[in-house]
Amino acid sequence: MAASERRYDILFFGATGFTGGLTADYLAAHPDMADLRWALAGRNPDKLAAVRDRLAAIAPDAPAPELLTADIGDEERLAELVPQARVVITTVGPYIHYGEKLAAACAAAGTDYVDLTGEPEFVDRVRARYDQTARDSGARLVNCCGFDSIPHDLGVLYTVDRLPQGLPITIEGYVQAGGTPSGGTWHSAIHAFARARQYAAQRRRMARGDRQGQGEPARRVGSLPARIHWVDRIGAWACPFPTIDPQVIKRSARTLNEYGPDFRYGHFVAVKHLPKLLAGAAGVGGLFLGAQVAPLRKLLLSIRDPGQGPDEAQRAKGWFRVRFRARAGTTELLTQVSGGDPGYGETARMLAESALTLATGESPHPDGGVLTPAVALGRPLIARLEKAGLRFEVLAGG
């Protein structure tokens, strides 16, 4: 079905959840929505109606979304609804358990798709199973449209745009943030830790397939040494930060010519005091080990309900900044992306603006496939986020 013939510009799964509710609130008040048609989909009609009533109070002059009863695991229902939409948003996680059928339906229907996953296993599974289907249908499936990995992926693109072209590039990203995690984020992290061995096996299979299916790459893309070190330029200790972000950034670098003939990236969390850094690393290590044991994993999951999240006062105290130290030839540059509450307020903003970039036809990438934010959304999304209040800036050099 052609985009102009589809009933909805945006079809939203997960608006009754915590982060989904924040995203729906943001969309309802957005000026672009005056010209767009949208619908909320979920299992519980009463909860959907409550969301619609709340949105009407937030933005009484905005078009009300339609309400559609659907289970995200019901393939027949998804096959009925998804082709009616230009763009699907989903905040229903953990995605490794609840995301695949919706991504598959979008790939088959030629429907663009955005999520806020930070789960590497899920992203790799979607790439391996549905990239060719999405290429054939024209669907742009864009994972990681929240704090994982918008500030990092687009921050690197912003930085690369300000470096001389045609030279080898090295960039180090340093992440600092403060905020309160939600129950959904907690559950996704514990499940990801528990599935570390399955994910490692999946990565090995994908690497073998990549080597067999591809010729010489257009550019070399790799990682900088992973070590704890002091960085004078930012006045903090840097520790390797094994999130999905460097994986996403390197995929962008393999696709976009601007990243030069040889691109290297290192991803670190920045902490001013070494004892605090070491204590944090030990805590994460303890959670990882606990997640491997079923009774301990069950106990960890019981600590937070998936629907819980920080209140408005807690979110108001949240903040983040990601600084990028870049070198290309003799040019050195220090840039920064910064904003408010990273996990919820800003994630809702990033996800909503990502969907709007696709729904309004601003995407710079016309072809389908499983794509990164920098490739699918790129500079138009940077402009949207700057207008919405995120800061992209050059701190030094250039």
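In this chain, residues are counted from 1 in sequence order.
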Engineer: Y95 and Y98: same hydrophobic cluster, using ILVMFWY side-chain contacts below 4.5 Å?
Structural biologist: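 Yes, same cluster.
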Engineer: Are E172 and R327 within salt-bridge range, i.e. N to O under 4.0 Å?
Structural biologist: yes
Engineer: Please name the residue in the list H267, R264, Q247, K250 that meets the side chain to side chain contact (heavy atoms under 4.5 Å, CB included) test with S223.
Structural biologist: K250
Engineer: If you compare all heavy atoms of G155 against all heavy atoms of F324, which two are closest, and at what distance to 0.1 Å?
Structural biologist: CA-CE1, 3.7 Å
Engineer: Distance to the ring centre below 6.0 angstrom and angle to the axis at most 45 degrees; does that hold for R162 and Y158?
Structural biologist: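 The answer is yes; both the distance and angle limits are met.
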Engineer: Just how far is it from atom CG of D74 to atom NZ of K101, taken to the nearest 0.5 Å?
Structural biologist: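 NZ of K101 is found 8.0 Å from CG of D74.
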Engineer: Would F268 and I234 count as a side-chain contact (heavy atoms from CB on, under 4.5 Å) here? Give the steps.
Structural biologist: CA-CA 12 Å; F268 305 91; I234 65 171; over 6 Å; no
Engineer: Taking atom types as modelled, find out whether T19 and T91 have a side-chain donor-acceptor pair closer than 3.5 angstrom.
Structural biologist: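 Note: T19 and T91 side chains miss the donor-acceptor criterion.
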Engineer: Would H152 and F147 satisfy ring pair (Phe, Tyr, Trp, His ring centres under 6.0 Å), going step by step from the backbone distance to the final call?
Structural biologist: CA-CA 8 Å; H152 316 93; F147 185 65; 5.2 Å; yes
Engineer: Heavy-atom distance under 4.5 Å between the side chains of D148 and N143, does that happen here?
Structural biologist: no
Engineer: Answer yes or no: are there more than 12 heavy-atom neighbours, outside R233 itself, under 6.0 Å from its atom CZ?
Structural biologist: yes
Engineer: Donor-acceptor pair, R140 side chain versus H365 backbone, under 3.5 Å?
Structural biologist: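 Yes.
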Engineer: I need the minimum non-hydrogen distance between L157 and A374, along with the two atoms involved.
Structural biologist: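 Heavy-atom minimum between the residues: CD2-O, 4.1 Å.
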Engineer: Starting from the C-alpha separation in whole Å, work towards a yes-or-no answer on side-chain contact (heavy atoms from CB on, under 4.5 Å) for V156 and F263.
Structural biologist: CA-CA 11 Å; V156 169; F263 179 85; 3.9 Å; yes
Engineer: Salt bridge check, R54 against D25: does any charged N sit closer than 4.0 Å to a carboxylate O?
Structural biologist: yes
Engineer: Which pair of heavy atoms, one from S354 and one from I150, lies closest together, and at what distance?
Structural biologist: OG-CD1, 3.9 Å
Engineer: In terms of hydrophobic clustering (I, L, V, M, F, W, Y; side-chain heavy atoms under 4.5 Å; direct or indirect links), are I228 and V269 co-clustered?
Structural biologist: yes
